[in-house]
Each structure stands twice: as C-alpha cells, then as structure tokens.
There are 2 protein chains.
Amino acid sequence: MSKSEQTRQRVADVALRMFREVGFEKTTMRAIASEAGVSVGNAYYYFASKDELVQELYRQVQDEHAALAEKALTEQSAAGRTDLASRLKATLHTGLDVMAPYHRFGADFIATAIRPTSAVNPFSSDSAEAREASLAIFKKTVEGAKPQAPKKLRSDLPELLWLGYMGITLFWVYDTSEGQRRTRRLVDGAAPLMARGLQLARIPGVGKIIDEVLDLSRSVRK
Amino acid sequence: MSKSEQTRQRVADVALRMFREVGFEKTTMRAIASEAGVSVGNAYYYFASKDELVQELYRQVQDEHAALAEKALTEQSAAGRTDLASRLKATLHTGLDVMAPYHRFGADFIATAIRPTSAVNPFSSDSAEAREASLAIFKKTVEGAKPQAPKKLRSDLPELLWLGYMGITLFWVYDTSEGQRRTRRLVDGAAPLMARGLQLARIPGVGKIIDEVLDLSRSVRK
DNA sequence: CCTCCTTTTTGAACGTGTTCAGAACTGAGT
DNA sequence: ACTCAGTTCTGAACACGTTCAAAAAGGAGG
C-alpha cells in the first residue's frame, strides 16, 4: 500500500471510529486530522467534505449488511424456512443489527443524507451504486422465497420493500426505546403482514386496485 | 404593538422574505440582522437559533394551508362534491400550492426539520401544536366526506393520511419536474386509489389483515 | 547530484452560526 | 429628578467546515 493510500486510510479509519464514539457533529475535521496525525488541509486533500467521510461509513455499513443478510438467509434456507416473512425478517433485522452502533447519531446522518445535493442521498445518482447493492439484498430476499410472491408483484417488490426499509430506518432513528425494541417489534409484526397481504392480490377486487397502484407508482417514477 | 414586538416581527419578516428569495443556506444571520436594522446578537435575543426562524416559516405555511384547504373543501361541498377522493385532492393540492414558493429550498428545510433535536421536527413534542393543526385539516377532510369511510378505519385515518402527506412532501422535495407536475399527478392518482382502497376493508379476508395492521400501528406508536 | 514536474502536505484565512459580557434603554417607585 | 431592576441591544469572540497559496516531498531523466 502506497504512502498516499495509507494516509487516506488512516483518515477514514479515525473518522469512522470517532463518528461511532462521539457522533457526527462532535467529530470535527480538526479533531480527525489531529488524531490521524495530518493537517486539516491534508484531510481535505483526500475527502472533499465531511459528507464524503459519511459516504465511506455508509459503504461499510452496507457491505456488512449484505454479508450478514446473506448469511442469515442461507442458514434459514438450510433449516427449511423459506417463507417470505421469515426471509424479510432476517434481512430487516440484520440491517438493524449493523446500524445499531450508530443509533445515537443516526439522526445527524439522516439529516446529512436527505439533502438532494448530498452525495450520500439514497435517491441521488451519486449513490446509485450503493442503492443497487442494497436493492440486490432485497431481490435476493424475494427471489429465494417459497412460495413465491404473486407474479404481477414480483418485479416491483424488491424496490417497494427497499422503500419500506427506508421508512423503517427513519422510524428506527426516532425510536428511543431501549435497544430500539419498538422497531424490532415493528419488523416482527410488519414482515408477516406484508407477506400475507401479498396473497390478497389474488382476490379479484383487490387485484384491480393493486394494478392501478403499480401503474401509478411506475408512471410517477417516470 | 410594543417596540419589542415590532423588532421581533421585523426580524421574522426579513428572515422569511430572504428564505423565499435566496434560500435557507444563503440567508445568513448577519444578513437578516443587517437588513432588519439590528445587531446579530439582538436577532438571537428573539430567536434562539436559525431553526427557530424556520419554525416561524412552518407556522405561516401551515396557517395558510388550513385556510386554503378549508375554503376549497367548503366550495366543493357547496357544489355537491363530497366524496373522499375529491376532498383528499383538495387538501393535498392546497398543501402543495402553499409550499410551492419554497420548493427550491425545500430540501434545506427538510434537512433541518428531520433532526430529532430540531424544534421543527414534525414528530417532536416541540411541534405538537403545529402537528395538531395539520392533523385537524385531515380530520376535517375525512369527517366531511360522504359516503363515510369504513367505521373501523375512521379514527386512525386522519393520522395515516397525515403520514402519507409527509411522504408526499418528501417526494415533492425531490421532484424536479417543471412545476412539480409529477407530484401533482401522484396526488391525482393516489387520492382516488386510497378512497377506493378503503372500501376493500369490507371484504372479510382483507378486513382481518387491516385489523392487524391497525393493531400493529397502534402498538408501535405506544 | 541537479533539474523540473507532479503529488502530497501545511497552516493561515474566510465566512458561517452562535455566545456572552456588558452597554443602553425603559419604566415604576420614591 | 433619582434610583435601580428588568428588558433590550451591541459587537467582539469562539469553534466550526472549508479554501488556498505556497511549502515540502517524491520521482524521473539527465
């Protein structure tokens, strides 16, 4: 590893550790630089802004989620539990597991991420790669499920679930209950309800409405 | 009006005008103070932070929404249009109308509002009053509708619709289409779908699931 | 070893939101 | 008129994220 890469890595490591330990706002660029043994300007040579350090954090959280979810899904399959509700629970709970150390400061990260101009914004094109990776987890969750979801929903489902996951994350940020158990309960309750709700798509009257909802959702996404 | 009140008002007026004209980030406290003819410290004597000025903005937007929605709903009723879909459209569209001048900077406001520590956060206790006022608009929207919504949903409906409105607002912030017409289309499409969707609650199989969704939503709100 | 270009590093400086010690003003009581 | 407590106002100062001109280090070719 070149000296340049080492410096970059050291800055990133220090930043992420400090984010975890003292939070986003209290971690100043000066503190990061000093702790990493470089000047402020040098930290900026590698990361154009504090936001870019958050981006680094997201990447790491996401990689970890992908690995943990994959592992949990595989174990469940081996044990014969292949229903969508169980798989969804596994994916959502592992997501919460990975984010847990950052809960105290989650709000700051969300505030950063939500700006359309932010590179970390989950809907922006800058983070397309990260979003695809996250979507892939939900694709895997849905595709490996038996019985499969109703055909008409299958293709849109991962994206809708991912959107739901964003909502759950928002809920989690505001969840001050101990260990965020209310969010855990939400996941445990919502996963089976969603799985069962999907079956309703087979009832004629419901199916028609769902078609229209999907049409609208597609047209509005352009 | 006392001199103190005058100063406070002048600061607020200048701030809101500048927010509208040049945006949240570009409106500095120094500029507000200078434009209002007071010192920076004096502006802080009346508003503890820049966020509190945003709170002032929210209050104003909300009052305007309440008035416009009320007017639109009354006119519709007079013309004999009392179905929920039409009423919902009126409420949502007037909301978008009121926010329109701020669209360019909406993202900054959202980023400010989303911090749990922010006084402007729509879920925080600090903004309970504002939230109640907003909820009241949706209560009126639902209650004045004929035919009425299914009984089991009636009490939770305003809160759920309000939540949906938050989602639509988020969508609107990210909507860069001209005049935010995609958001308008979303409202036009979603309002009738929601109204028709509610009727499905009367189908036995669907009703049971809805009961459980409501139970979960209540238990998780604690 | 020297030259010359690129990459890396420095730290002072800028503009920001916010704080605070104290100055200026106000008005009620004497 | 004078006092004095409370209210209103001031502007310098602080810490922050970020920028930038210039210094230092590295490295390729002679």
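So you know, we letter chains A, B, ... as the sequences are listed, proteins then strands, and number each from 1. Since the model is a prediction, treat every value here as computed from it, not as a measurement.
- When the side-chain nitrogen and oxygen atoms of B:Thr7 are compared with OP1 and OP2 of D:dT8, none of them lie within a distance under 4.0 Å.
- Here A:Ser4 does not reach the OP1 or OP2 of C:dT7: none of its side-chain N or O atoms lies under 4.0 Å away.
- Per the geometry, CD belonging to A:Glu5 stands 15 Å off P belonging to C:dT7, to the nearest Å.
- Close to D:dT8, at under 4.0 Å from its OP1 or OP2, lies a side-chain N or O of B:Tyr45.
- The main-chain N or O of B:Leu68 is never found under 3.5 Å from a side-chain atom of B:Thr94 such that the two would form a donor-acceptor pair.
- In this entry the distance linking CG of A:Leu53 with P of D:dG17 reads 11 Å, nearest Å.
- Judged by distance alone, the side chain of A:Arg221 and the main-chain N or O of A:Ser217 form a donor-acceptor pair under 3.5 Å.
- In terms of modelled atom types and a separation under 3.5 Å, the side chain of B:His65 and the main chain of B:Ser134 share no donor-acceptor contact.
- When side chains are defined from C-beta on, A:Leu96 counts as touching A:Thr183, because their heavy atoms get closer than 4.5 Å.
- Distance A:Arg10 CZ to C:dT8 C1': 12 Å, rounded to the nearest Å.
- Counted within 6.0 Å of CD on B:Gln6, heavy atoms from surrounding residues, nucleotides or ligands total more than 12; the atom is thus considered enclosed.
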Contact state string [nucleotides 14-24 of chain C, B base, S sugar-phosphate only, - no protein heavy atom under 4.0 Å]: --BBBBB----

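- B:Phe47 comes within 4.0 angstrom of no nucleic acid atom, judged by non-hydrogen atoms across all strands.
- For A:Phe19 and A:Phe105, the ring centers are positioned 6.0 Å apart or more.
- For the pair B:Ile32 CD1 and D:dG11 C1', the interatomic distance rounds to 17 Å; values are reported in whole Å.
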